[in-house]
Amino acid sequence: MAVTAAPINTPAVERSPRYNPAEIEPRWQAAWDAQPELYAAEPPTSGKPKYYVLEMLPYPSGQLHMGHVRNYAIGDALARHMWMRGYNVLHPMGWDAFGLPAENAALKNNTPPREWTLANIAAMRRQMDRLGLSYDWQREITTCLPEYYRWNQWFFLKLYERGLAYRKNSKVNWCPSCATVLANEQVVDGCCWRHELVAVEQRELEQWFLRTTNYAEELLRDLDKLPEWPEKVRTMQRNWIGRSEGALVDFTVVPDEKDGRGHRFHPVKLNLTETFMEPEPEAVKISVFTTRIDTIYGATSLQLAPEHPLVAEFAAHSEELAKNIKGLLDEQKRAREMGVLGDLEKHGFPTGHFATNPFSKEPIPIWVANYVLMDYGTGAVMSVPAHDERDFEFAKKYKLETKIVILPRQVNNAEGVQKEPLLPYTEENSLLINSGEFTGLGCQEAQQKMAAYAEEQGFGKPSVTYRLKDWGISRQRYWGTPIPIIYCATDGLVPVPEDQLPVLLPEKIDITQEGGSPLARVPEFARVTCPKCGGIARRETDTMDTFVDSSWYFYRYADPKNSHAPFEAEKIAYWFPIDQYIGGVEHAILHLIYSRFWTKMMRDLGMVKNDEPVERLFTQGMVIKNGAKMSKSKGNVVSPDDMIARYGADATRMYALFAAPPDRDLDWQEDGVAGISRFLARVYRFATQAMPQAHAGRAQPLPQQLNALEQQLLRKLHQTIRRLTQEFEGRWHFNTCIAAIMELVNDLTAQESAIGQGAVNAAVLYSITRNLILMLQAFAPYLAAELWSQMAEDTPLLRAPWPVYDEALAAEDTIQIPVQVNGKLRALISVPVAISEEDLRAAVWADTKVQAAIAGKEVVKVIVVPGKLVNLVVRATSPTTPSTDAA
RNA sequence: GCGAAAGUGGCGGAAUUGGCAGACGCACCAGACUUAGGAUCUGGCGGGUAACACCGUGGGGGUUCAAGUCCCCCCUUUCGCACCA
């Protein structure tokens, strides 16, 4: 797709003498809209190296906010820069268009979700266009359209085939405000991620899950393959995956003698250990996960989570216990609702039962404790008060036995007698005592040997536990991807055959606030015939979590119109991984862990070759105002439209890059936008005035001999190019890039009248003006386009090569060397940059200020840092110097 | 509680490698043009002083000829994790 140059470089109308973004910007926007191929990625055959730069796709709320503007301004600057660097750039945009707000809007305004969403998309698209963002709109994707979501369904079927999607009944997080289930990742501090103050409830429901835990190990390990991700994000993901290495150990419940039958429990098969069950008598085992099996001889009780199945059995035989357990559970529920679950004081109750420690063979009491979590490990822990902080606190409260079984390797006091360590003592660099045959081993060695011993003896094994849970994707909502499953009375669970995809989301639906999945109330959707037997069957009426949509959307950009497959493998092989992904840190766990999972899953399906979707990740800071995040309730929201109307898109974008480095929070100050607007007006004035003169120097070489002014201006130009080149390659401090351009422009405008009188050679002026425009493009594309058209160049601005700086021209010939006396600045001397050290010393001694500063003192040392600074270390010549006030 | 990042003029920020602290912008002050400007231009602008001196990068100590930058202790703010056995 050849890019035609003509329309782009046509100065369309008479230029106003003053900078008028309200006139310039819409005119160029229209020109760009008429040429969508201008920003289109070229095919792989273009021979250019590829560069995939991506900003996180927005939810179409209907209004861009300043956070979006900042995000896109960063991405757009980079995309434009990389184009000029000669890359084949893919810079697409789309819409994360399913989700609850559309249903809420439907309730409020009686507008169908689809209509509402598409109208919002159109509105935001207009805002993006107005900002002059260089997106390849031919690749736009909208996740709520069947062309897209059918592939969610297709993936679901693949996952189901491979057992990676499964249905199970379990306790799930329920947000009463969203009226739907949430994934673990969507619960923040016990509350819904969208409703900060709404506590998540636990409900027992049958739900679809994706087996993210299959990839737990790889998701963790491959974080090491992402050195270009912020360390903060990697740490958050590591914490979230939460790998713990340890062992499972079975404790056997001691049969109850009072009961007479010798045994009164049913055998319970805990899911982590297979237990062979004799018919009579049945040994009941409690499996425990521990990372400190080395301290097992110090276990003085077992602690079960209140929800542990065995607890219910115990309680069935004791009214008092049943009452206590109910108390614990009620308290936990209240605490969760108030969001203070973590602050609960530890407490619990003895069950009256005992279990045998398989190592020491000693019986220890079984308790129920509120600090044991049912959803981590096995829901049961061995309590070692001497060597665990939580157990210590609990044991102290209930006066449980404390047994010390590890001691420091070194004698821990001056008397040379090993004393009891301060409890709880958890140091792993210790030795075991009172631990049977393991006494004397180091902790780490003991951990290996004891886990192996447990396995040998059949009462345990080494084990790894993760905090990461499978991803629950069922949502009891309407506006999402239908899950392609059919329930048949005869055939059970039947996947929708691939050739019947997509399962279309019905558009005619009454959104009400009634409970349950809205689709269940649409008979023509829910009622279906079984694909296998043709009998009456029922569709799954839950929809998918919208994070499914965003887990793979960036692959679809590479092949957005494909109607046979989600994408073609070769296209992915060319474009992936994403070179640069830019977005807010709020998705550090959610989107960024799901999409890593999805990539690995697709790789295992043979669809992609890359292990990771994103090579480099950049998380930009928030936009704040008056020290606080912008929000309607605080009344400090600044509207992008408003800024654009007052100052133009260029000034708005440029301010978003100028006010702070992109990774830091940015305080929005409207006066600052006005400042940028004034700066752009100066650029416009200078460039337009210089243009006729500069044209005379077009295609001319720079003169052999440069006068002082030419030299000075060219030096500044090349220093500026160097600065920008390095920043784009390195740390992205666009604020200093813009400051550097301002310095250049300040130098130019200071010489405006001299330039007007012809003091600068036309070729020099041409070079300066042209390069200034090229540098400006990344930050103020409209003004750059306008001025470029005045240059009457043939190449479209976006394809013009990025200027190369000339070190020789950038080099200073004279520099100011600071001269310090005892580290304090005393003089600045002007010397040639290439001065010899000898001459520099001579110049220092010759300087009158230096002479005054060292008069009457002895110079004991001279430090010369070539090209940087001179420091004279002096001391008073003699003790008789009249500093006599030391009386 | 644990971990990470940050703290520099009235404000946003700069100082990339230990080498002139405060680039650039905002605000403010003075002036020019203008028969009353939310325009433009010129100059000033860390504190202090008549001018120097001197003081100054959260606080305290240290290393060094030289510290915003390196080391130790402390304070504050933001973020992440927080019964994970």
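Since this is a predicted model, take the numbers as computed values, not measurements. Note: hydrogens, waters and symmetry copies are ignored here, and every other heavy atom, side chains too, is used. Chain letters run A, B, ... following the sequence lines, proteins first, then strands; residues in each count from 1.
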May I ask you to verify if any side-chain N or O of A:Lys824 is less than 4.0 angstrom from the OP1 or OP2 atom of B:C55? yes

Does atom CD (A:Glu729) have a neighbourhood of more than 12 heavy atoms from anything else shown, all under 6.0 Å? yes

Hey, is the side chain of A:Asp671 pairing donor to acceptor with the base of B:C26 inside 3.5 Å? no

Pairwise C1' distance, B:A85 and B:A6 [rounded to whole Å]: 34 Å

If we take the C1' atom in both B:G58 and B:A5, what is their distance in whole Å? 15 Å

With syn defined as a glycosidic angle within 90° of 0 and anti as the rest, where does B:G9 land? syn

If we take the P atom in both B:A21 and B:G56, what is their distance in whole Å? 13 Å

Distance test, side-chain N/O of A:Asn735 to OP1/OP2 of B:A14, below 4.0 Å: yes

Roughly how many Å apart are B:U35 and B:G47, using the P atom of each and rounding to a whole number? 36 Å

Which nucleotide in the set B:C83, B:C20, B:A15 lies at the smallest distance from any side-chain heavy atom of A:Tyr371? B:C83

A:Phe359 and A:Phe459 aromatic ring geometry - parallel, tilted or perpendicular at 30°/60° bounds: perpendicular

Kindly say if A:Arg18 contacts the phosphate of B:U40, meaning a side-chain N or O under 4.0 Å from OP1 or OP2. no

A:Met654 CE to B:C26 C1', straight-line distance once rounded to whole Å: 15 Å

Minimum-distance pair of heavy atoms, taken over all atoms of A:Ala216 and A:Leu468: CB-CD2, 3.9 Å

Quick check for you: among B:G80, B:G19, B:G12, whose closest atom lies nearest to any side-chain atom of A:Met236? B:G80

Nearest to the side chain of A:Arg682, heavy atoms from C-beta on, is which of B:C41, B:C54, B:C79? B:C41

As a test of reading the structure: which of B:C65, B:A85, B:G12 is closest to the side chain of A:Ala659, going by heavy atoms? B:G12

Could you measure between the two C1' atoms, the one in B:C71 and the one in B:U64, and give it in whole Å? 12 Å

Rounding to an integer number of angstrom, what distance separates B:U63 and B:G9 when you compare their P atoms? 27 Å

Measure from the side-chain heavy atoms of A:Arg664 and tell me the nearest of B:C55, B:A14, B:A85. B:A14

Quick one: which of B:A23, B:G80, B:G12 gets closest to the side chain of A:Glu743? B:A23

Can you see if the side chain of A:Arg723 gets near the phosphate of B:A15 - specifically, an N or O under 4.0 Å from OP1 or OP2? yes

When both distances are under 3.5 Å in a Watson-Crick or G-U wobble arrangement, the nucleotide paired with B:G3 is B:C79

Does A:Arg678 have a side-chain nitrogen or oxygen under 4.0 Å from the phosphate oxygens OP1 or OP2 of B:C26? yes

To the nearest Å, how far apart are A:Arg467 CZ and B:C81 P? 8 Å

Measure from CD on A:Glu670 to C1' on B:C11 and round the result to the nearest Å. 16 Å

B:C33 pairs with, by Watson-Crick or G-U criteria that keep both distances under 3.5 Å: none

Is there a Watson-Crick or G-U wobble partner for B:G25 with both distances under 3.5 Å, and if so, which one is it? B:C11

If you compare every side-chain N and O of A:Ser244 against the phosphate oxygens of B:A85 (OP1, OP2), does one of them come in below 4.0 Å? yes

In Watson-Crick or G-U wobble terms, both distances under 3.5 Å, what is the partner of B:C65? B:G19

Using a cut-off of less than 4.0 Å, is there contact between a side-chain N or O of A:Asn746 and OP1 or OP2 of B:G25? yes

A:Asn173 and A:Gln202 side chains, donor-acceptor separation under 3.5 Å: yes

Look at A:Arg685 together with A:Glu752 and state whether they make a salt bridge at an N to O cut-off of under 4.0 Å. yes

Any side-chain donor paired with an acceptor under 3.5 Å for A:Glu586 and A:Trp193? no

Roughly how many Å is it from CD in A:Gln820 to P in B:A67, rounded to a whole number? 9 Å

Between A:Lys232 and A:Asp391, whichever has its closest RNA chain B nucleotide further toward 5' is A:Lys232

Suppose you measure atom P in B:U78 against the same atom in B:G31; what distance do you get, rounded to whole Å? 44 Å

Within the pair A:Arg731 and B:A15, is there a side-chain N or O less than 4.0 Å away from OP1 or OP2? yes

Proximal nucleotide (of B:A14, B:G25, B:C83) relative to the A:Phe658 side chain: B:G25

Can you tell me the pairing partner of B:A53 across any strand shown, Watson-Crick or G-U wobble, with both distances under 3.5 angstrom? none

So, A:Tyr398 versus A:Ser301: side-chain donor-acceptor pair below 3.5 Å or not? no

Which nucleotide wins on minimum distance to the side chain of A:Glu727, given the candidates B:C26, B:A21, B:U16? B:U16

At less than 3.5 Å, do the side-chain atoms of A:Lys346 and the base atoms of B:C83 form a donor-acceptor pair? yes

Nearest to the side chain of A:Tyr376 - B:A85, B:A27, B:G13? B:A85

Go through the side-chain N and O atoms of A:Tyr371 and A:Gln303 and say whether any donor and acceptor fall under 3.5 Å apart. no

In whole angstrom, what separates A:Trp240's CH2 from B:A4's P? 22 Å

Might you point out which heavy atoms bring A:Met775 and A:Leu744 nearest each other, and give the distance in Å? CE-CD2, 4.0 Å

Rounding to the closest angstrom, what is the interatomic distance between B:U76 and B:G25 at atom P? 37 Å

Please pick, from B:A14, B:G19, B:C81, the nucleotide with the shortest atom-to-atom distance to any side-chain atom of A:Thr736. B:A14

When A:Ala674 and A:Gln816 are each assigned the nearest nucleotide of RNA chain B, the 5'-most assignment goes to A:Gln816

